[in-house]
Participant: 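Quick one: structure below, then a few questions.
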Amino acid sequence: MQRGKRTYGLTVCAERIAIFKAISEGERGFDAIAVVTATDALTSPCGACRSYSGNFVANIPVILSNLKGKVELMQMRNLFSQAV
């Protein structure tokens with residue numbers, strides 16, 4: 001497989017799992033979504049998570065953080081143009 005042609009389509013990320021679970025429990029209102037990783041660089045939700053999340057939480061804050069205390073606040077709608 002060539003580099004850059006990999007797919008993770010058979011996986012489900014933590015962000016989608018959290019939304020699936022909340023919706024299955026009857027939750028429909030979301031205040032924010034947080035993505036915390038054990039990496040130096042902050043990690044935003046993947047394109048699939050952005051797309052799915054946009055159906056439910058398009059106008060909420062996304063809190064990006066790592067275990068070293070770096071934090072950045074973005075709006076979900078602003079992440080759509082940054083999907084890779």
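No hydrogens, no waters, no symmetry mates; every other heavy atom, side chains included, goes into these values. None of these values were measured; they are calculated from a predicted model.
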Participant: Quick check: do Ile60 and Gln75 have side-chain heavy atoms less than 4.5 Å from each other?
Facilitator: no
Participant: Tell me whether Val12 shares a hydrophobic cluster with Val36, the cluster being built from Ile, Leu, Val, Met, Phe, Trp, Tyr side chains joined at under 4.5 Å.
Facilitator: no
Participant: Find out whether Ile33 and Ile19 are in side-chain contact, i.e. whether some heavy atom of one side chain is under 4.5 Å from a heavy atom of the other.
Facilitator: yes
Participant: Hey, are the side chains of Asn59 and Phe30 touching, using non-hydrogen atoms and a 4.5 Å cut-off?
Facilitator: no
Participant: Ignoring hydrogens, what is the shortest heavy-atom contact between Glu15 and Pro45? Give both atom names and the distance.
Facilitator: OE2-CA, 3.5 Å
Participant: What about Val35 and Leu42, same hydrophobic cluster or not, with Ile/Leu/Val/Met/Phe/Trp/Tyr joined at side-chain heavy-atom distances under 4.5 Å?
Facilitator: yes
Participant: Hey, does Met74 have a side-chain heavy atom less than 4.5 Å from the side chain of Leu79?
Facilitator: yes
Participant: With no hydrogens and no angle check, is any side-chain donor or acceptor of Arg50 less than 3.5 Å from a backbone partner on Met76?
Facilitator: no
Participant: Main chain of Tyr52, side chain of Arg16: is a donor-acceptor contact present, judged purely on distance under 3.5 Å?
Facilitator: no
Participant: Can you check whether Gly29's main-chain N or O pairs, donor with acceptor, with Glu27's side chain at less than 3.5 Å?
Facilitator: yes
Participant: Spell out, as yes or no, whether a donor-acceptor pair under 3.5 Å connects the side chain of Thr37 to the backbone of Asn66.
Facilitator: no
Participant: Is the shortest heavy-atom distance from the side chain of Ile63 to the side chain of Val71 under 4.5 Å?
Facilitator: yes
